[in-house]
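Scroll down for the structure; my scribbles are underneath it.
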Amino acid sequence: MSIQLFGLAVSRGVAIGRAVLVASGRIDVAHYFVALDQIDNEVTRLHNARDVVAAEFAALLRDMPSDAPPELPALIDVHLMLAQDESLTGTAGQWVRERHYNAEWALSAQLEVLARHFDEMDDEYLRERKTDIEQVTERILAALARDAKADAGLAPPRPRDVGGEEPLILVASDIAPADMLHFKRSVFTGFVTDVGGRTSHTAIVARSMDIPAVVGAREASRLIRQDDWIVIDGDAGAVIVNPPPIVLEEYRFRQRQGELERARLHRLRHTPAVTLDGQIVALEANIELPEDAATAIDSGAVGVGLFRTEFLFMNRGQDLPGEDEQFEAYRAAVLAMNGLPVTIRTVDVGADKPLDRLTLHELRHEHTLNPALGLRAIRWSLSEPTMFRQQLRAILRASAYGKVRLLLPMVAHLSEARMTLEALARAKQQLRDAGRAYNDIEVGAMIEVPAAVLILDSLLNHFDFVSIGTNDLIQYTLAIDRADEQVAHLYDPWHPAVIGLIASTISRATAAGKGVSVCGEMAGDPVFTALLLSMGLRSFSMHPRQVTAVKQIVLRADTRRLITALPSILASEEPQRIAAAAFALPGE
Ligand code: PEP
Ligand code: MG
């Protein structure tokens with residue numbers, strides 16, 4: 001039966017494929033297709049892991065101390081039976097044979113199927129047995145991981161290199177931002193989640209990868225079944241499950257149209273971004289990893305306006321990257337940009353970007369009450385002075401290889417500016433003492449909280465430039481958790497307060513002779529390009545994939561005409577309506 005689900009459109013385009021349900025927190029399980037001649041080996045690998053775990057359980061039973069609580073042997077006995085049960089490893093073996101999934105993927109896919117059966121049981125005792133099957137699966141996955149490590153010489157095929165398979169779409173209750181790094185290297189061509197907001201970091205990474213995605217689709221992971229055909233309409237925020245042939249055909253047509261449009265825009269990548277009245281506009285790129293710099297160059301971006309360094313720190317447990325490792329990463333990005341500026345933002349962890357693989361649900365319910373207002377961004381860095389100085393030294397050292405700018409996230413207090421500048425001076429001194437080279441770098445603050453706009457004139461005394469993080473500025477101005485789908489309808493970039501704060505920041509920074517850019521999602525959304533140009537903005541930073549779409553608007557803009565509409569937009573209770581009439585906004 002065909003059903004339609006709605007969520008939030010976070011990343012444009014159409015994806016069509018088979019649903020792969022993955023439990024939140026298990027996205028790090030390797031997903032790749034096994035070559036035909038390796039299928040038997042893969043099934044054997046799965047069975048071996050099962051046998052290892054069964055032997056572990058048998059040994060536990062054998063060596064059980066006589067004073068152990070009586071429930072324990074009974075429990076282990078159940079686990080032993082589950083490990084050997086055909087419905088787990090046996091059926092997972094079929095996934096390997098029929099779908100060519102690797103063993104880990106097959107096992108976790110089968111776990112999802114079984115977990116649903118358990119969820120639907122009326123008997124509470126039986127329902128709770130789901131935990132047992134999860135624990136047993138974890139053990140088999142761990143055995144497979146040990147086996148994969150032992151076989152490290154035989155790297156699995158790179159997922160996207162294995163052609164000829166059906167496209168796959170990941171469906172999960174939630175995906176942690178840290179897991180998006182796995183996603184980047186996975187086989188999936190789109191994803192759907194139950195939770196999340198338009199500017200949650202999971203959504204941001206999806207946009208940066210240009211992968212159609214819908215988040216906040218509430219019941220999606222319950223209603224969609226393993227292997228269903230689904231269509232993601234990333235423009236409308238819709239997911240169509242098992243579409244009828246005529247609907248599928250329509251979406252295939254739209255998918256082809258989208259590809260043609262992309263190819264057309266791509267031809268603009270080397271055209272300089274200059275308005276009709278000769279205003280030069282810098283269109284820079286936001287990146288998460290050094291290797292994204294290549295995509296930035298390919299998009300025609302004239303620099304990196306935001307390097308979100310926190311992604312280097314995720315999934316590392318206690319083993320956070322030290323100074324040398326960070327330096328290598330920053331230098332790689334700087335060298336890849338080949339003389340173009342690279343704005344490196346100090347680590348912005350916290351809120352919906354925890355260091356370890358926590359989902360939003362875990363963050364909200366098991367950690368701090370309100371992580372968005374907690375120890376995040378520059379606050380976190382200042383509370384970890386050793387780590388902070390390591391990062392500053394690494395960034396300074398990278399400045400010897402190109403044009404580097406330093407950017408501080410979420411500055412709200414002048415004391416944060418002072419403390420950071422002191423830490424920077426100390427880091428420079430340490431480098432001089434060690435005889436290491438660095439260049440003088442510009443230092444900027446992100447404008448992400450209303451307080452920063454209110455004290456902008458003082459902040460500008462301390463900084464060379466500012467960069468407006470509209471994602472957080474909207475969140476903190478409107479008191480809307482940007483990652484919470486329940487209040488997503490109130491997350492409104494067109495709110496007069498938001499528009500007013502952005503306009504005020506741009507005009508005051510420009511009047512003070514300081515650089516100003518926007519690096520939040522608004523900068524990459526062509527709907528806002530004319531508005532931001534009318535406010536005097538000449539520097540935008542966005543996902544590389546958005547550069548040409550924004551450039552197209554810049555090339556057709558005449559800022560002398562745009563500017564005349566600004567006063568009425570700023571004075572209006574309905575800025576969006578006035579702007580739509582004045583600027584003929586795309587998509588309106
Ligand atoms: C922002 O808040 O707009 C921004 C660019 O920073 P991040 O999205 O990484 O919080
Ligand atoms: Mg931010």
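We count ligands from 1, going down the list as the structure has it; atoms in each ligand are counted the same way.
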Looking at ligand 1, does any of its N/O atoms fall within less than 3.5 Å of an N/O of Glu521? no
Quick test: of every protein heavy atom, which one is nearest to atom 7 (P) of ligand 1, and how far off is it to 0.1 Å? His201 NE2, 3.3 Å
For the Mg ion (ligand 2), the closest N/O/S atom belonging to Asp472: OD2
Kindly identify the option in Glu288, Glu448, Arg308 whose heavy atom sits closest to atom 9 (O) of ligand 1. Arg308
From the options Thr309, Thr386, Thr346, select the one residue that forms a side-chain hydrogen bond (donor to acceptor under 3.5 Å, both in side chains) with Gln391. Thr309
Would one find more than 12 heavy atoms of other residues, nucleotides or ligands at under 6.0 Å from atom CD1 of Ile280? no
Measure Arg345 to ligand 1 on non-hydrogen atoms and call it side chain, backbone, both or neither using the 4.0 Å cut-off. side chain
Using 30° and 60° as the class limits, which term best fits the ring planes of Trp494 and Phe528: parallel, tilted or perpendicular? tilted
The atoms of ligand 1 lying under 4.0 Å from a heavy atom of Leu306, numbered in the order shown, are 5 (C)
Relative to ligand 1, is Met446 under 4.0 angstrom through side chain, backbone, both or neither, heavy atoms considered? side chain
Going through the checks in order, is the salt bridge (Lys or Arg N to Asp or Glu O under 4.0 Å) test met by Asp464 and Arg405? CA-CA 10 Å; Asp464 304 304; Arg405 295 184 292 223; over 6 Å; no
Quick one: does Thr343's side chain have a donor or acceptor within less than 3.5 Å of a partner on Val304's backbone? yes
Enter the distance from Ile447:CD1 to Ile502:CD1 here, rounded to the nearest 0.5 Å. 11.5 Å
Quick check: are there more than 12 heavy atoms from other residues, nucleotides or ligands sitting under 6.0 Å from CZ of Arg556? no
For ligand 1, which atoms have a heavy atom of Gly469 less than 4.0 angstrom away? 1 (C), 2 (O), 3 (O)
Does the side chain of Phe540 come within less than 4.5 Å of Glu284's, by heavy atoms? no
Quick test of your reading of the structure: of Glu310, Met542, Arg482, Met522, whose heavy atom lies closest to atom 10 (O) of ligand 1? Arg482
Any N/O/S atom, side chain or main chain, of Asp348 closer to the Mg ion (ligand 2) than 2.8 Å? no
List ligand 1 atoms under 4.0 Å from Ile204, heavy atoms only on the residue side. 8 (O)
At a non-hydrogen distance cut-off of under 4.0 Å, which region of Asp348 contacts ligand 1 (side chain, backbone, both, or neither)? side chain
For Cys519, the atoms of ligand 1 under 4.0 Å from one of its heavy atoms are 5 (C)
Among N, O or S atoms, Glu448 approaches the Mg ion (ligand 2) most closely through OE1
Any donor and acceptor pair, going by atom type alone, linking the side chain of Ser541 with main-chain N or O of Ala285 inside 3.5 Å? yes
